[in-house]
Amino acid sequence: MLGPVRIATWNVNSVLAREPRMLEWLERVAPDVVCLQETKCDDAAFPRAGVEALGYEVAAHGEGRWNGVALLSRVGIDDVRRGLPSDPGFPTPDVREARAVSATCGGVRVWSVYVPNGREPGHEHYAYKLAWFDALRDAVAAELPGPLAVMGDFNVAPTDADVWDPKAFTHSTHVTPPERGALAALRDLGLGDVVPRALKYDIPFTYWDYRAGMFHKNLGMRIDLVYASEPVRTRVTDAWIDREARKGKGASDHAPVVVELSDES
DNA sequence: ATGTCCACAACATGTGGA
């Protein structure tokens with residue numbers, strides 16, 4: 001089977017609310033593999049028919065009201081795994097949220113992840129966020145080396161340049177040294193940040209709050225990331241943010257990140 | 001002046017999360 005040449009990640013903020021926009025987007029962009037986050041529906045409710053009609057196979061891992069991740073692939077979807085083996089759980093270890101699903105798609109191990117938000121530094125949700133990152137690192141490490149990409153809403157801005165104003169984040173999550181350290185720990189495994197082009201403005205933001213005209217003013221954050229292993233990175237020919245998908249009525253508050261890959265061999 | 005959007009419980013509008 002041929003490998004994927006266009007892979008994408010998109011926090012859709014409810015796959016049911018987003019289905020019309022998502023189907024339009026799949027037709028327009030025609031990605032081979034898509035990682036979805038915040039699907040907000042259980043697996044039985046996932047709107048499979050529309051995406052299957054476009055030629056995609058679906059691996060969903062959802063739970064109902066919150067969270068939820070999924071993979072769409074038209075280059076095969078094998079060895080699907082849901083969750084993380086050492087998931088810390090929240091609020092107690094027995095409660096495991098639907099935040100990770102992985103599969104092998106056309107020879108590439110693809111992860112769709114929705115990292116916990118953390119609420120605020122010092123909150124128990126913040127400790128959960130860091131523990132969840134540790135569990136992700138351990139699960140990914142077990143699958144390396146090899147072509148692999150961890151894609152999704154990491155809820156961390158890698159650098160101060162990845163938020164609209166660092167001063168607005170002085171007592172906030174998403175920018176703290178421990179959170180950025182969790183990204184560094186993934187890079188220490190051999191993964192690298194595939195930084196997309198912004199298409200408009202200089203900074204490749206992927207998320208803009210719905211409130212206060214943040215998108216219009218381009219006050220955003222780059223928190224949707226693609227962390228790829230070396231065999232994938234060497235194939236990257238382009239990466240870009242589809243801000244068109246963030247415009248207008250019925251948009252998610254996140255824009256998709258699209259990565260173009262050269263053909264294998 | 002916490003601005004919007006989403007799901008849920010419940011059937012009006014409040015709540016929690018982002």
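Distances from the side chain of Asn13(A) to the nucleotides dC8(B), dC6(B), dG3(B) place dC6(B) closest. Closest approach to the Ala212(A) side chain among dG17(B), dG3(B), dA18(B) is made by dG3(B) (side chain taken as heavy atoms from C-beta onward). Looking at the side chain of Lys40(A), the nearest of the listed nucleotides dT4(B), dC6(B), dG16(B) is dC6(B). Closest approach to the Arg65(A) side chain among dG16(B), dT4(B), dC6(B) is made by dG16(B) (side chain taken as heavy atoms from C-beta onward).
One atom, CG of Leu16(A), and another, C1' of dC5(B), lie 15 Å apart when rounded to the nearest Å. Nucleotide dC5(B) holds its P atom 14 Å from the CE atom of Met214(A), rounded to whole Å. The interatomic distance linking Arg119(A) (CZ) with dT2(B) (P) rounds to 21 Å, in whole Å. Arg21(A) places its CZ atom 15 Å from the C1' atom of dC6(B), with the value rounded to the nearest Å. Residue Leu219(A) contributes atom CG, which lies 13 Å from atom C1' of dG3(B) at whole-angstrom precision. In this structure, the NE2 atom of His254(A) is 11 Å from the P atom of dA18(B), given to the nearest Å. Distance, Glu19(A) CD to dC6(B) P: 14 Å, rounded to whole Å. The distance between atom OH of Tyr126(A) and atom P of dA18(B), rounded to the nearest whole Å, is 16 Å.
Using C1' as the reference atom, dA7(B) and dC11(B) are 15 Å apart when rounded to the nearest Å. Nucleotides dG17(B) and dA1(B), compared at atom P, are 23 Å apart to the nearest Å. Nucleotides dG16(B) and dA10(B) place their P atoms 15 Å apart, quoted to the nearest Å.
Here dG3(B) sits opposite no nucleotide as a Watson-Crick or G-U wobble pair (both hydrogen-bonding atom distances under 3.5 Å). Nucleotide dA9(B): paired with dT13(B) (Watson-Crick or G-U wobble, both distances less than 3.5 Å).
Salt-bridge annotation for Asp87(A) and Arg99(A): absent, with no side-chain N of the basic residue lying under 4.0 Å from a carboxylate O of the acidic one. Ionic pairing of Glu24(A) and Arg18(A) is not present here: no N-O contact between side-chain nitrogen and carboxylate oxygen is shorter than 4.0 angstrom.
Taking the ring centre of Phe205(A) as origin, the terminal cationic atom of Arg222(A) falls outside the region bounded by 6.0 Å and 45° from the ring axis.
Note on Arg18(A): every side-chain N or O is 4.0 Å or more away from OP1 and OP2 of dC5(B).
Between Gly118(A) and Tyr210(A), it is Tyr210(A) whose nearest contact on DNA chain B lies nearer the 5' terminus. Residues Asp253(A) and Val15(A) both approach DNA chain B. Their nearest nucleotides, taken by heavy-atom distance, put Val15(A) toward the 5′ side.
Looking at heavy-atom distances under 4.0 Å, Phe215(A) makes no contact with the nucleic acid at all.
Residue Asp202(A) places its CG atom among 12 or fewer non-hydrogen atoms of other residues, nucleotides or ligands, all under 6.0 Å distant.
Ring centroid separation for the pair Phe90(A) and His125(A) comes in under the 6.0 Å cut-off. The ring of Trp208(A) has its center no closer than 6.0 angstrom to the ring center of Trp164(A).
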